[in-house]
Amino acid sequence: PARDLYGAFDDVSHEWTDGIVAVLFREFARNQTEERKWLVFDGPVDAIWIEDMNTVMDDNKKLCLNSGEIIAMSPNMRTIIEPMDVEVASPATISRNGMVFFEPHLMGYQHMIQTQVSSRMPATFDANEQTEVTAMIQWLLPPMVNFIKRNCAEVSPVQEQNLVQTFLSLLFDHLHKLHDLDFYSGLGNKAVVQAIDGVVIWALIWSVGIVCTTESRKVFGEQLRKLVAGSVPEIKAFKKVVPAMPDRGSVFDFIFDVESVQWKNWMDTIAEPQSLGKDDKAESIVVETLDNIRYSYIMKHCVDWKRPLLFCGPTGTGKTVYMSQGLMSLDKDEYIQIFIGFSAQTRCDQTQDMVDGKLDRRKKGVYGPPPGKHCMVMVDDLNMPKMEKYGAQPPIEILRQLIDKNAYPPSGGWYDRKDVTHPFRG
């Protein structure tokens, strides 16, 4: 809210309390060093708060607060506003800014592939195996990304860069075992190449294909099988893949096992049959089905590798049960869980307080679970918060800030609303 950004008078005592922007702006203005200082606004732009920045962005270069204080910008201060669009911004705001528009399809994703390949390739791989990874990615990934964008329906809109990032994470996470020299040597060169091929295909299915709706997954599977078999006329086949993908059922019914270098049905990965106790209540029993097993595997992988996970689907399909079951089965000595249920009336300050209330202060500006433990936050009904007048959903924006470790290094976070100096809580 604007009162948290700039400040406000207390309703009872009528005392002025600075907002986050006021504190940062004043701190930058007082800092007389010659280094360039950037004040970055990352999130939706609307007329509620951006109008107060007009005097900052025009020739005055001053922030005018409702308390009567006027803070002038120092010569080396700059502001950057990073929204998805400026659809609801006023002409006064637009005319005061220089605009740079990034189109995702022009930015591409080859740079992401090159970065991940150069930084996460197993050190045990020789030149031929490194070439195999790169060639398999270039053969399969771009055609399938283009295919689903043109021919498939997505459960939730996804940028090409997001698909590629998920694919690369899954791929190199599952090639991690090959960093072990003993495991690598035990497989042999031929089996290592086969493992690379299988993991690339499996990662493609569970990153690019998994965003499709149930109807489109069949179309995706048919196209992938044609591409791997070399039956797509306009694309030259790179090689004959061994072991071949199972031709029965859906491509989503199988997992590639790196240790045995073969495809397995998800149901075959169960170590022992599910057993039910005589005292188990019927409403608490979750039967191990194909969906339960494969989604639990993906969730456990994301927990182990600390990857954020978005689990989409229609109402009543068991998403909450799957996620709750997976999180509650985690080792209590290593993990604590925070469960948050969103509703239409959920506010961003409530979301912030629900997370902060379960965390301990580690040191100045750093908060987390008790030492030696990891904290898992599950948000149910993520899409429920009511949109504001101009279309923003603040509870979702504050969560994005929490998990965005690139914009808010090293781990994401937010500003402390209750402290008058508004320190950043990482």
Side-chain angles (χ1 to χ4, degrees), residues 103-117 120-121 130-175 193-256 258 263 266 294-295 297-298 301-302 307 309-310 312:
E103 290 190 271
H105 72 276
L106 292 178
M107 192 164 62
Y109 50 76
Q110 288 299 328
H111 60 288
M112 301 169 64
I113 297 174
Q114 293 167 5
T115 301
Q116 292 280 334
V117 166
R120 298 196 63 192
M121 186 77 72
Q130 293 180 18
T131 303
E132 183 76 14
V133 173
T134 306
M136 285 292 292
I137 292 173
Q138 297 297 349
W139 174 36
L140 298 177
L141 181 61
M144 292 311 299
V145 169
N146 293 336
F147 180 81
I148 72 155
K149 287 298 181 182
R150 294 175 181 174
N151 304 93
C152 299
E154 298 170 344
V155 176
S156 180
V158 186
Q159 300 280 14
E160 291 181 357
Q161 289 80 4
N162 297 125
L163 295 175
V164 172
Q165 183 61 49
T166 306
F167 165 77
L168 294 170
S169 296
L170 274 181
L171 170 61
F172 288 107
D173 290 352
H174 283 79
L175 290 178
V193 171
Q194 293 176 351
I196 291 170
D197 297 347
V199 172
V200 168
I201 295 172
W202 181 84
L204 188 67
I205 294 169
W206 284 90
S207 58
V208 178
I210 201 64
V211 302
C212 300
T213 60
T214 303
E215 296 77 17
S216 294
R217 287 185 185 184
K218 183 178 180 181
V219 179
F220 171 87
E222 292 172 351
Q223 178 69 10
L224 180 60
R225 284 195 167 108
K226 287 181 183 178
L227 182 59
V228 172
S231 304
V232 179
E234 61 271 19
I235 300 174
K236 182 180 179 182
F238 168 62
K239 64 180 294 187
K240 182 179 180 181
V241 177
V242 178
M245 277 194 303
D247 54 5
R248 65 186 185 283
S250 166
V251 295
F252 297 92
D253 293 344
F254 302 91
I255 181 174
F256 187 82
V258 177
W263 291 90
W266 283 104
R294 58 190 180 185
Y295 294 146
Y297 174 88
I298 294 295
H301 171 84
C302 291
R307 310 274 187 209
L309 174 64
L310 181 61
C312 298

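Since the model is a prediction, treat every value here as computed from it, not as a measurement.
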| Does some side-chain heavy atom of I137 sit less than 4.5 Å from a side-chain heavy atom of L171? | yes
| How many angstroms lie between CE in M112 and CE in M107, if you round to the nearest 0.5 Å? | 8.0 Å
| What residues, two or more places apart in sequence or in another chain, satisfy side chain to side chain contact (heavy atoms under 4.5 Å, CB included) together with I235? | W139, P143, L227, V232
| Quick one: does V219's side chain get under 4.5 Å of I148's, heavy atoms only? | no
| said: Any non-hydrogen side-chain atom of I201 less than 4.5 Å from a side-chain atom of M245? | reply: yes
| said: Tell me the closest heavy-atom pair linking V155 and C312, and the distance in Å. | reply: CG1-CB, 3.5 Å
| task | Go through L170 and L204 one step at a time and tell me if the side-chain contact (heavy atoms from CB on, under 4.5 Å) criterion holds. | result | CA-CA 9 Å; L170 274 181; L204 188 67; over 6 Å; no
| request: Please state whether the rings of W263 and F256 are parallel, tilted or perpendicular, taking 30° and 60° as the class boundaries. | output: perpendicular
| said: If I take atom CD1 from residue I298 and atom CD1 from residue I210, how far apart are they, to the nearest 0.5 angstrom? | reply: 7.0 Å
| Interatomic distance, E222 atom CD to F147 atom CZ [nearest 0.5 angstrom] | 8.0 Å
| By salt bridge (charged side-chain N to carboxylate O under 4.0 Å, His left out), which residues pair with K239, not counting sequence neighbours? | E132, D197
| task | Show the numbers, then the answer: is there a side-chain contact (heavy atoms from CB on, under 4.5 Å) between F254 and I205? | result | CA-CA 10 Å; F254 302 91; I205 294 169; over 6 Å; no
| note | Of all heavy-atom pairs linking Y109 and E160, the shortest is CE2-OE1, 3.6 Å
| Of the non-hydrogen atoms in T115 and H111, which two are nearest, and what is the gap between them? | OG1-O, 2.8 Å
| request: Mind checking the CZ-SG spacing from R217 to C152? Nearest 0.5 Å is all I need. | output: 11.0 Å
| message | Contact between P243 and Q194 at the side-chain level, heavy atoms closer than 4.5 Å - yes or no? | response | yes
| Do you know the tightest heavy-atom contact between L141 and F167? | CD2-CD2, 3.8 Å
| Going by the angle between their ring planes, with limits at 30° and 60°, are F252 and F220 parallel, tilted or perpendicular? | tilted
| message | Do K218 and S250 make a side-chain contact, defined as non-hydrogen atoms from C-beta onward lying under 4.5 Å apart? | response | no
| field | Working for side-chain contact (heavy atoms from CB on, under 4.5 Å), residues W206 and T166 | value | CA-CA 9 Å; W206 284 90; T166 306; over 6 Å; no
| field | Non-hydrogen side-chain atoms of V145 and P142 separated by less than 4.5 Å | value | no
| query | Which heavy atom of S207 sits nearest a heavy atom of L163, and at what distance? | reply | O-CD2, 3.7 Å
| field | Separation between CD of Q130 and CD1 of I196, rounded to the nearest 0.5 Å | value | 9.0 Å
| query | With side chains defined as the heavy atoms from C-beta onward, is the minimum distance between L175 and M121 less than 4.5 Å? | reply | no
| field | Minimum heavy-atom distance between M136 and V241, given as atom pair plus value | value | CE-CG2, 4.4 Å
| message | With side-chain contact (heavy atoms from CB on, under 4.5 Å) as the criterion, how do E154 and T213 come out once you've worked through the C-alpha distance, each side chain's angles and the decisive distance to 0.1 Å? | response | CA-CA 6 Å; E154 298 170 344; T213 60; over 6 Å; no
| field | Pair R248 + D253: basic N to acidic O under 4.0 Å | value | no
| Non-hydrogen side-chain atoms of V211 and S156 separated by less than 4.5 Å | no
| message | Nearest 0.5 Å, please: how far is CG in N151 from SG in C212? | response | 10.0 Å
